[in-house]
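Report on one structure; see the data block that follows.
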Protein chains: 2
Amino acid sequence: MTAPPSDIAGGLDPLIHESSRLVIVSVLTECQVADFNFLLGTTGLTRGNLSTHMARLVSAGYVEETKEFVDRKPHTEYRLTAAGRAAFKRYRQAWARLTGRA
Amino acid sequence: MTAPPSDIAGGLDPLIHESSRLVIVSVLTECQVADFNFLLGTTGLTRGNLSTHMARLVSAGYVEETKEFVDRKPHTEYRLTAAGRAAFKRYRQAWARLTGRA
DNA sequence: TAAACTAGTTTGTGTGGCAAACAGCGTGAC
DNA sequence: GTCACGCTGTTTGCCACACAAACTAGTTTA
């Protein structure tokens with residue numbers, strides 16, 4: 001049995017599916033923790049974009065951020081929450097089912 | 001060796017990555033041929049959306065459309081082109097690499 | 001002939017991704 | 001001290017695009 005038609009792409013959580021955020025979440029899955037500059041380098045995004053994408057992921061509860069001062073300079077670290085990991089897992093399953101690599 | 005940073009998500013052809021079109025392309029991969037109404041049912045899209053998505057895929061050269069009259073009514077069929085199949089293959093590889101399921 | 005149906009297409013609107021401009025803070029030159 | 005510059009992010013303005021509603025073109029039913 002398959003999902004109702006209207007729901008076929010519904011499993012693809014759009015928050016994760018968007019390319020930039022997919023990169024971010026994949027990186028965070030491997031790294032456990034990553035700071036802003038590291039993500040800046042690995043994703044190739046501009047500061048502005050990275051900032052807004054992170055804000056979205058945080059407000060969705062997928063990512064947790066810790067802001068502190070290091071060497072008297074601001075420093076932000078991100079890590080996936082349990083919800084974020086679960087959402088990513090569901091996303092990958094949905095994608096695989098959808099594209100026939102189930 | 002990995003792709004240059006700015007290009008990390010670049011392998012995810014946005015034309016295919018968008019959820020609705022990902023469904024469409026996946027369906028066409030399995031079906032070889034599908035008509036408008038069939039896609040309407042399997043994707044759960046509205047006529048308008050399906051129409052514009054198909055137009056995009058056609059103008060990108062990923063899908064080929066044949067329009068004819070059946071029982072005096074218009075009837076449109078779609079099938080993937082070789083380019084479309086190749087693009088989908090690349091997309092799946094890029095996605096797998098990206099999400100660490102390489 | 002008029003209403004209703006089928007098969008799509010075009011149009012209008014809102015969301016959201018993107019880069020550029022901006023802001024806050026610290027450090028060094030003068 | 002204050003002015004310029006760099007570092008770390010945030011806010012703003014624009015543009016593309018996904019979505020649904022309105023529309024077109026032709027057919028069947030009454």
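Every chain is numbered from 1 and lettered A, B, ... according to where its sequence line falls, protein lines coming before strand lines.
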Under 4.0 Å between a side-chain N or O of [X] and OP1 or OP2 of [N]?
X	N	value
B/Asn37	C/dT6	no
B/Thr76	C/dG8	yes
B/Lys67	D/dA25	no
A/Asn49	C/dG17	no

Could you tell me how far apart [X] ([atom1]) and [N] ([atom2]) are, to the nearest whole angstrom?
X	N	atom1	atom2	result
A/Asp71	C/dC25	CG	C1'	14 Å
B/Leu45	C/dA7	CG	P	17 Å
A/Leu15	C/dG17	CG	C1'	13 Å
A/Phe38	D/dC7	CZ	P	19 Å
A/Arg47	C/dA19	CZ	C1'	13 Å

- Task: Using modelled atom types only, decide if a donor and an acceptor are shared between the side chain of A/Thr81 and the backbone of A/Gly61 within a distance under 3.5 Å.
- Result: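 Yes, A/Thr81 side chain to A/Gly61 backbone: donor-acceptor pair under 3.5 Å.
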- Query: For A/His53, what residues pass the ring-ring contact (aromatic ring centres under 6.0 Å, His included) criterion, not counting sequence neighbours?
  - Reply: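 Scan of A/His53 (ring-ring contact (aromatic ring centres under 6.0 Å, His included), adjacent residues dropped) gives none.
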- Query: About how many Å separate OG1 of A/Thr52 and CZ of A/Arg47, when rounded to the nearest 0.5 Å?
  - Reply: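 Here the interatomic distance stands at 14.0 Å.
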- Going by heavy atoms closer than 4.0 Å, what residues in residues 52-61 of chain A are next to DNA chain C?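 Residues of residues 52-61 of chain A that come under 4.0 Å of DNA chain C are, in numerical order, A/His53, A/Arg56.
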Between [options], which nucleotide has the shortest distance from any of its atoms to the side chain of [X]?
X	options	value
A/Arg21	C/dG8, C/dG17, D/dT8	C/dG17
A/Arg72	D/dT8, C/dG26, D/dT28	C/dG26
B/Glu18	D/dC19, D/dT27, D/dG9	D/dC19

- Query: How are the rings of A/Trp95 and B/Trp95 set relative to one another: parallel (under 30°), tilted (30 to 60°) or perpendicular (over 60°)?
  - Reply: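 The rings of A/Trp95 and B/Trp95 lie parallel, inter-plane angle below 30°.
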- Query: Would you call the rings of A/His17 and B/His17 parallel, tilted or perpendicular, where under 30° means parallel and over 60° means perpendicular?
  - Reply: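 Parallel, since the angle between the ring planes stays under 30°.
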- Message: I'd like to check the side-chain contact (heavy atoms from CB on, under 4.5 Å) partners of B/Glu65; sequence neighbours left out, ordered by chain and number.
- Response: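 Expected list: B/Val58, B/Lys67, B/Thr76, B/Tyr78.
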- Task: Please confirm whether B/Arg92 makes a cation-pi placement over B/Phe88, using NZ or CZ under 6.0 Å from the six-membered ring centre and within 45° of the ring normal.
- Result: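 Yes - B/Arg92 lies over the ring of B/Phe88, closer than 6.0 Å to its centre and within 45° of its axis.
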